[in-house]
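A note on names: the letters A, B, ... follow the listed sequences, proteins ahead of strands, and every chain is numbered from 1. FYI, side chains are in, hydrogens and waters are out, and symmetry mates aren't considered; it's all heavy atoms of this structure.
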Amino acid sequence: MIRLGLCCKFKDEPIRFRTTTATYLLRISRDEACAKLSALCLANTQALRQAIEYCAAHGIGSFRINSQILPVKTHPQAGYDIANLPDGDAICAGFLAAGERAREQGVRLTFHPDQFVLLNSPRPEVTERAIADLAYQAAVADWVGADVVNIHGGGVYGDKPSALARLVATIQALPAAIRALLTLENDDRSYTPTDLLPVCRQTGIPLVYDAHHHRCLPDGLSTAEATVAALTTWDREPLCHISSPKHGWDGPDPRPHHEFIDCADIPAGWRDLDLTVEVEAKAKEAAIAGLRATLLRDRWKLWEAK
DNA sequence: AGCGGTCAAGTTGAT
DNA sequence: ATCAACTTGACCGCT
């Protein structure tokens with residue numbers, strides 16, 4: 001059974017996550033900043049609840065939660081603790097309630113911290129901030145029952161073996177609560193599945209296999225071989241990513257994502273697996289609706305809510 | 001209401 | 001040196 005996943009936001013459906021900026025928060029008083037943050041965070045718990053309901057009702061079995069669900073959470077000056085916000089209790093309750101609904105309906109929840117979260121930088125302050133961000137997202141993940149916090153391998157810094165060794169060492173030293181949710185994903189610049197699989201085996205971290213990235217940065221493995229190898233790293237339902245190139249595979253740059261998914265880009269070998277496929281397409285829920293229709297026409301077995 | 005400028009953060013590679 | 005890409009344009013403040 002294939003579980004299609006929506007990433008972070010909606011195109012047409014009026015479900016919106018709110019955010020703000022550190023610059024603005026630092027210009028107003030701390031009380032005003034806390035009031036604003038409190039309202040945004042509370043609104044985001046409600047948007048998350050709506051997102052889960054929408055997914056369950058539309059055959060979308062997984063939802064990726066935006067890193068800014070708690071805006072500016074770990075900023076050195078503008079950051080905050082939920083407990084210190086006026087609606088702190090309601091925000092916690094909102095996350096727990098959203099998680100409960102996700103569990104009831106069988107909707108999987110994931111996180112994908114952004115490009116600044118690097119576990120192998122030679123600069124210790126970069127890695128420290130990355131771990132702080134992972135800690136925050138892992139904590140919210142626990143509240144809502146998300147089982148994946150997915151990041152990339154990071155930079156190469158002119159020496160890939162050293163960078164990979166730092167990655168392994170940092171992962172091994174992570175708090176258990178983060179390590180239990182952490183996954184690594186092949187990217188389209190630096191780290192292929194072949195680069196990351198040894199890291200995953202050494203650390204017990206699953207590999208999120210991104211077929212689009214793999215085609216942009218190949219390593220000699222076929223998509224079928226990489227899929228099989230990635231599956232062996234999982235102790236939960238495996239997670240893969242799919243997208244189609246905006247300008248086609250023969251265009252100037254295959255990396256930017258298309259509005260929709262071309263079914264021909266989905267590895268045929270995925271058909272009979274139990275797998276979450278996060279759909280990275282600009283048209284969001286509209287892209288999933290189109291993909292679902294095509295796959296159902298072709299008799300793929302797709303997830304449905306309980 | 002509309003619109004232009006701004007936004008915390010890292011790294012890479014194309015131009 | 002600048003910029004786009006990466007999981008995502010949203011929001012503030014002025015007109």
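The interatomic distance linking Asp188(A) (CG) with dA4(C) (P) rounds to 17 Å, in whole Å. Distance CZ (Arg18(A)) to P (dG9(C)): 17 Å, rounded to an integer number of Å. As a whole-Å value, the separation of Glu32(A) CD from dC12(C) P is 13 Å. When the P atom of dA5(C) is taken as reference, atom CD of Glu185(A) falls 18 Å away, rounded to whole Å. Arg64(A) has its CZ atom 12 Å from the P atom of dC6(C), to the nearest Å. One atom, CG of Asn66(A), and another, P of dA10(C), lie 10 Å apart when rounded to the nearest Å. Across the protein-nucleic acid pair, Arg123(A) atom CZ and dG10(B) atom C1' stand 7 Å apart, rounded to whole Å. Following rounding to the nearest Å, His212(A) (NE2) and dA5(C) (P) show an atom-to-atom distance of 12 Å.
When distances run from any side-chain atom of His213(A) to the nucleotides dG10(B), dG13(C), dC6(C), the shortest one goes to dC6(C). The nucleotide whose nearest atom lies closest to any side-chain atom of Pro256(A) is, among dG10(B), dA5(C), dA9(B), dA5(C).
When the P atom is used for both dG5(B) and dC3(C), the distance is 14 Å, rounded to whole Å. Look at the P atom in both dC7(B) and dT8(C): the space between them is 22 Å, to the nearest Å. Separation of the C1' atoms belonging to dC6(C) and dG4(B) is 25 Å when rounded to the nearest angstrom. With P as the reference atom, dG9(C) and dA4(C) are 15 Å apart, rounded to whole Å. Using atom P as the reference point in both dT2(C) and dT6(B), the two lie 16 Å apart (nearest Å).
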With salt bridge (charged side-chain N to carboxylate O under 4.0 Å, His left out) as the criterion, how do Arg64(A) and Glu280(A) come out once you've worked through the C-alpha distance, each side chain's angles and the decisive distance to 0.1 Å? CA-CA 10 Å; Arg64(A) 180 190 298 173; Glu280(A) 297 183 335; 2.9 Å; yes
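In terms of modelled atom types and a separation under 3.5 Å, the side chain of Arg16(A) and the main chain of Phe10(A) share a donor-acceptor contact. Although no hydrogens or angles enter the test, the distance criterion places no donor-acceptor pair under 3.5 Å between the side chain of Arg18(A) and the main chain of Leu40(A). Proximity of a side-chain donor or acceptor of Tyr54(A) to a complementary backbone N or O of Glu285(A) within less than 3.5 Å is not detected. The backbone N or O of Pro206(A) lies less than 3.5 Å from no partner atom in the side chain of Arg236(A), so there is not a single donor-acceptor pair. Side-chain atoms of Gln68(A) come within 3.5 Å of backbone atoms of Val72(A) as a donor-acceptor pair (strictly under, hydrogens ignored). A donor-acceptor contact shorter than 3.5 Å is absent between the side chain of Asp298(A) and the backbone of Leu295(A). Arg3(A) places no side-chain N or O within donor-acceptor distance of the main-chain N or O of Trp303(A), the cut-off being under 3.5 Å.
Using a 4.0 Å heavy-atom cutoff across all strands shown, His152(A) reaches sugar-phosphate atoms only and no base atom. Residue contacts for Gln115(A): at a heavy-atom cut-off of 4.0 Å it reaches a base atom on one of the strands shown. Using a 4.0 Å heavy-atom distance criterion, Ser67(A) is classed as making no nucleic acid contact. Residue Gln68(A) is classed as a base contact, given a heavy-atom separation below 4.0 Å to a base. Contacts of Cys8(A) with the nucleic acid, taken as non-hydrogen atoms under 4.0 Å apart, include base atoms.
Between Lys36(A) and dC12(C), a side-chain N or O to OP1/OP2 separation shorter than 4.0 Å is present. The side chain of Lys282(A) contributes an N or O atom lying less than 4.0 Å from OP1 or OP2 of dG9(C).
Here salt bridge (Lys or Arg N to Asp or Glu O under 4.0 Å) pairs that include residues 88-102 of chain A, with residues two or more places apart or in two chains, are Glu53(A)-Arg101(A), Glu100(A)-Arg103(A), Arg101(A)-Glu104(A).
Take the nearest nucleotide of DNA chain C for Arg16(A) and for Tyr24(A): the residue whose nucleotide is more 5' is Arg16(A). The residue among Thr19(A) and Asp253(A) whose nearest nucleotide of DNA chain C lies closer to the 5′ end is Asp253(A).
We find that the ring of Phe116(A) and the base of dG10(B) do not stack by the test of centres under 5.5 angstrom and planes tilted less than 30°.
Remark: His152(A) engages His112(A), His213(A) in a ring-ring contact (aromatic ring centres under 6.0 Å, His included) (not counting sequence neighbours). Judged as a ring-ring contact (aromatic ring centres under 6.0 Å, His included), and not counting sequence neighbours, Trp234(A) has no contacts.
Partner of Leu184(A) under the side-chain contact (heavy atoms from CB on, under 4.5 Å) criterion, out of Asn150(A), Leu119(A), Leu167(A): Leu167(A) alone. Looking at His212(A), His247(A), His241(A) one by one, the single match for ring-ring contact (aromatic ring centres under 6.0 Å, His included) with His257(A) turns out to be His212(A).
With a 3.5 Å limit on both pairing distances and Watson-Crick or G-U wobble geometry required, the stems of 3 or more pairs in DNA chain C span B:1-7 with C:9-15, B:10-15 with C:1-6.
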Reading 5' to 3' through nucleotides 2-7 of chain B, protein heavy-atom contacts under 4.0 Å coded B for base, S for sugar-phosphate only, - for none: -----S
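For the pair Arg189(A) and Leu217(A), the minimum side-chain heavy-atom distance is 4.5 Å or more.
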Short N/O separations, protein against nucleotides 12-15 of chain B, under 3.5 angstrom:
unit_1	atom_1	unit_2	atom_2	d
dT12(B)	OP1	Val156(A)	N	2.8
dT12(B)	OP1	Tyr157(A)	N	2.7
dG13(B)	O4'	Arg189(A)	NH1	2.9

